[in-house]
Number of protein chains: 4
Amino acid sequence: MPAAKKKTTTASASPERRRELLTIAAEVFAAHGYNATTVRRIADEAGMLAGSLYYHFDSKESMLDEILSSFLTELWDGYDAVLAAVLGPRETIEALVTESFREIDRHRAAVAIYQKESKHLAAQPRFGYLADSQQKFKKAWLGTLERGVAGGAFRADLDIRLTYRFVRDTVWVAASWYRPGGQHSPEEIARQYLSMVLDGIAVRT
Amino acid sequence: MPAAKKKTTTASASPERRRELLTIAAEVFAAHGYNATTVRRIADEAGMLAGSLYYHFDSKESMLDEILSSFLTELWDGYDAVLAAVLGPRETIEALVTESFREIDRHRAAVAIYQKESKHLAAQPRFGYLADSQQKFKKAWLGTLERGVAGGAFRADLDIRLTYRFVRDTVWVAASWYRPGGQHSPEEIARQYLSMVLDGIAVRT
Amino acid sequence: MPAAKKKTTTASASPERRRELLTIAAEVFAAHGYNATTVRRIADEAGMLAGSLYYHFDSKESMLDEILSSFLTELWDGYDAVLAAVLGPRETIEALVTESFREIDRHRAAVAIYQKESKHLAAQPRFGYLADSQQKFKKAWLGTLERGVAGGAFRADLDIRLTYRFVRDTVWVAASWYRPGGQHSPEEIARQYLSMVLDGIAVRT
Amino acid sequence: MPAAKKKTTTASASPERRRELLTIAAEVFAAHGYNATTVRRIADEAGMLAGSLYYHFDSKESMLDEILSSFLTELWDGYDAVLAAVLGPRETIEALVTESFREIDRHRAAVAIYQKESKHLAAQPRFGYLADSQQKFKKAWLGTLERGVAGGAFRADLDIRLTYRFVRDTVWVAASWYRPGGQHSPEEIARQYLSMVLDGIAVRT
DNA sequence: CATGAATGAGAGTTCATTCAT
DNA sequence: AATGAATGAACTCTCATTCAT
């Protein structure tokens with residue numbers, strides 16, 4: 001008997017099928033929005049009946065939960081590695097942005113869902129970890145930006161909170177148009193994005 | 001005059017009350033998402049019963065329609081004025097961005113709704129004008145960026161389509177956190193945003 | 001203070017306007033059915049707003065009531081005159097049928113409504129007079145048919161109740177296709193109908 | 001076989017249950033009228049909740065549709081057989097009438113619904129087949145009557161269109177009072193009806 | 001007399017969820 | 001593992017009716 005007191009009802013069976021179903025669900029959630037997605041639609045896409053999903057999952061919400069939490073877990077694995085390396089501020093930003101685009105590449109659907117739904121989900125206790133993550137995220141970025149300003153790497157005349165918001169949003173919004181397997185690799189997109197954010201789009205005079 | 005007057009599609013009634021109700025509806029749509037918003041909730045917020053809304057509007061969807069279309073109408077009034085002035089590429093970008101933040105200031109809720117819902121709404125015939133607008137929008141921005149690159153105002157080493165997407169998204173995503181009456185005026189936010197996008201956040205070496 | 005304890009609220013004003021409105025209402029009821037007819041529709045047709053009808057009438061139901069009861073009153077004026085004349089059975093049938101088609105000519109809409117709705121209305125206490133009328137109607141017709149059979153005017157080999165039903169229904173169903181001012185006068189239709197019912201459509205051999 | 005199977009428009013499920021539910025629905029529609037019948041009422045009668053009906057049917061309207069169309073299909077099976085036999089005019093009329101009463105016996109509720117609702121339903125595209133059927137019906141009857149007049153079987157002094165209407169209506173109106181399992185078999189009713197229509201109710205002089 | 005705005009009950013419908021098989 | 005059938009709550013919308021103006 002493991003430590004977790006989760007219902008073992010749904011925990012059974014091949015984790016592979018779960019993965020498949022979650023991938024399908026994530027895709028549909030991303031395409032149509034969580035609320036607008038019916039459980040029937042997911043089941044259709046998976047070639048089963050709506051009720052059958054409940055053999056695998058407790059509820060529609062728990063699918064969403066699993067999609068988002070496993071995405072965030074992976075994301076923070078990457079971020080924590082970057083932050084633990086204690087690079088210079090510019091290099092940290094570069095590494096975080098690159099990591100982010102890699103994550104978008106891997107979890108496009110989850111990121112798109114996160115983008116659209118996290119705001120109102122964060123209020124629910126079940127999704128408290130979304131707020132926690134955002135907090136941690138903010139701390140990491142703001143800290144790095146501050147270090148950069150203090151060290152003379154970043155401009156001091158910009159409002160640091162505005163800068164944070166702009167940088168944060170542009171990175172993640174990319175999930176709404178990014179298509180894996182397209183022309184640009186995530187690293188290439190990161191490079192271009194960083195070039196723009198760090199050095200601007202105007203020609204230097 | 002016994003001639004029958006056709007239904008004006010509930011367009012009658014005092015336009016002031018309509019405005020009030022639409023403002024309330026937009027706020028609720030923006031806060032919770034269109035789908036997750038019940039007509040009852042809007043009515044509650046307006047101090048009336050759900051059914052009473054149907055004296056003023058045909059449907060929940062027509063409220064959304066009116067919110068989005070009147071926002072876009074105003075937006076394009078501003079944009080068209082800027083584009084008609086035929087400024088230099090950098091000045092055009094500056095004017096468009098400033099205009100956009102002003103619009104966010106005036107129609108925060110509508111912009112937030114647009115941000116979240118336009119993608120899947122654009123598929124419906126009724127909301128075809130969303131796709132049209134996006135098309136026009138893209139043309140204006142891409143054209144200006146191309147002019148800027150050709151004229152030496154903007155860097156030629158950046159992928160112009162990626163640049164367009166980044167610029168476009170960051171501007172509008174601001175609607176998700178912007179609060180009118182806050183510390184920064186829309187013009188101030190535009191200034192900072194432009195400074196960042198045009199000249200970068202890194203200190204020039 | 002008169003004997004009736006009716007609300008005098010709606011009893012006011014020009015009876016002519018009431019007539020007009022009732023004529024309109026009857027037409028719409030007949031065309032679309034009582035249940036499917038909205039009070040708004042009637043008001044539209046009358047060039048006023050739905051609420052305004054309630055100055056003239058207590059309720060939608062009371063319009064229906066007035067339409068049906070005033071039709072039945074007129075109908076029985078005619079029938080009672082015929083029955084009081086104590087004609088022979090064949091002549092009585094002829095007179096009743098002719099009277100009926102005249103009534104259809106005068107009150108087409110009311111008859112059509114009666115045809116469609118009387119069956120389930122008769123169960124409601126308010127419309128008890130519909131059942132009463134039907135009873136009286138049945139008695140008059142069955143009595144005449146019996147007299148005719150006894151006296152040798154009508155065939156004895158037919159089931160008298162079936163005959164009654166057929167005769168009754170065919171007369172009134174005419175209201176569903178009859179258009180006043182058409183090719184045939186009510187008297188002409190009555191003549192043809194009687195010829196058919198009394199003598200059959202087959203050529204005598 | 002991973003190929004997606006399109007919605008069969010709820011046409012799945014055991015056809016038996018569908019039949020049962022449609023029989024119940026038809027009964028309630030016939031008794032109270034389509035509009036006045038609530039989906040909840042049908043569900044009650046079927047011992048289930050209103051929402052559960054939607055597992056079997058798309059909508060209230062589609063129940064009506066199925067009731068009427070399957071009735072008409074059967075009806076025309078019978079009629080077409082009669083017409084294909086190319087009998088004499090009198091015999092054709094006799095066969096059509098008999099067939100009609102048999103159909104009333106089998107589908108009393110459907111016929112009653114048809115009688116009450118077909119007129120305004122026929123205007124809707126979905127129920128266009130009602131108008132088609134009526135057209136075919138009219139052609140068959142009028143043609144037979146004309147043949148009969150030409151061949152000397154039917155009286156030439158009657159207006160053939162009026163005759164058609166009378167005959168048509170009386171047959172079908174029977175559905176409003178007919179109770180299966182009563183004193184008279186459909187064939188007996190047909191016989192009496194034909195005797196009346198063909199030879200009249202008056203004694204021959 | 002009529003309007004404009006609202007009420008409130010109830011309608012048809014949707015959908016996450018359950019559960020015996 | 002999955003199906004088929006049902007539940008029950010909630011939703012959007014309709015409509016007869018009311019009433020202050």
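These numbers were taken from a predicted model, which means no experiment stands behind them. Numbered from 1 within each chain, the chains take letters A, B, ... in sequence-line order.
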Parallel, tilted or perpendicular: which one describes the rings of D:F71 and D:Y114, with boundaries at 30° and 60°?
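The arrangement is perpendicular - the two ring planes meet at more than 60°.
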Does the structure show a Watson-Crick or G-U wobble partner for F:dT21, both distances under 3.5 Å? Name it, or say none.
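F:dT21 is paired with E:dA2.
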Who does F:dT12 pair with, Watson-Crick or G-U, both distances under 3.5 Å?
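Base-paired to E:dA11.
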Under 4.0 Å, heavy atoms only, any strand: does A:T37 hit a base, just the sugar-phosphate, or nothing?
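Sugar-phosphate, no base atom in range.
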With a non-hydrogen cut-off below 4.0 angstrom, is B:S52 in contact with a base, only sugar-phosphate, or nothing?
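Base, at least one base heavy atom under 4.0 Å.
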Integer-rounded Å distance: [N] [atom2] and [X] [atom1]:
X: D:H32; N: E:dA11; atom1: NE2; atom2: P; value: 13 Å
X: B:R41; N: F:dC13; atom1: CZ; atom2: C1'; value: 20 Å
X: A:D44; N: F:dA2; atom1: CG; atom2: C1'; value: 14 Å
X: D:E16; N: F:dA5; atom1: CD; atom2: P; value: 10 Å
X: A:D58; N: E:dT17; atom1: CG; atom2: P; value: 9 Å

Main-chain N/O of A:V28 paired with A:E45 side-chain donor or acceptor, under 3.5 Å
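Not at all, since once roles are kept as given, no pair shorter than 3.5 Å links the two residues.
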5'-most by nearest nucleotide on DNA chain F - A:R17 or C:S59
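The 5'-side residue here is A:R17.
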Side chain of [X] (C-beta onward), nearest among [options]:
X: D:A50; options: E:dT13, E:dA6, F:dC15; result: E:dT13
X: B:T38; options: E:dC15, F:dT12, F:dG4; result: F:dT12
X: C:M48; options: E:dG12, E:dT3, E:dA6; result: E:dT3
X: A:V39; options: E:dA16, F:dA16, E:dT3; result: E:dA16
X: A:L49; options: E:dA2, F:dC13, F:dT3; result: F:dT3

Indicate the atoms forming the closest heavy-atom contact of A:S176 with B:K119, along with that distance.
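Scanning both residues, the minimum pair turns out to be O-NZ, 2.9 Å.
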Do the side chain of D:R40 and the base of E:dG10 come within less than 3.5 angstrom through a donor-acceptor pair of N or O atoms?
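Answer no: no donor N or O sits under 3.5 Å from an acceptor.
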Below 4.0 Å: OP1/OP2 of F:dA2 and any side-chain N or O of A:H56
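Looking at the OP1 and OP2 atoms of F:dA2, one of them is under 4.0 Å from a side-chain N or O of A:H56.
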Can you find a side chain N or O atom of D:Y54 that sits less than 4.0 Å from OP1 or OP2 on E:dT14?
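Checking E:dT14 against D:Y54, no side-chain N or O comes under 4.0 Å of OP1 or OP2.
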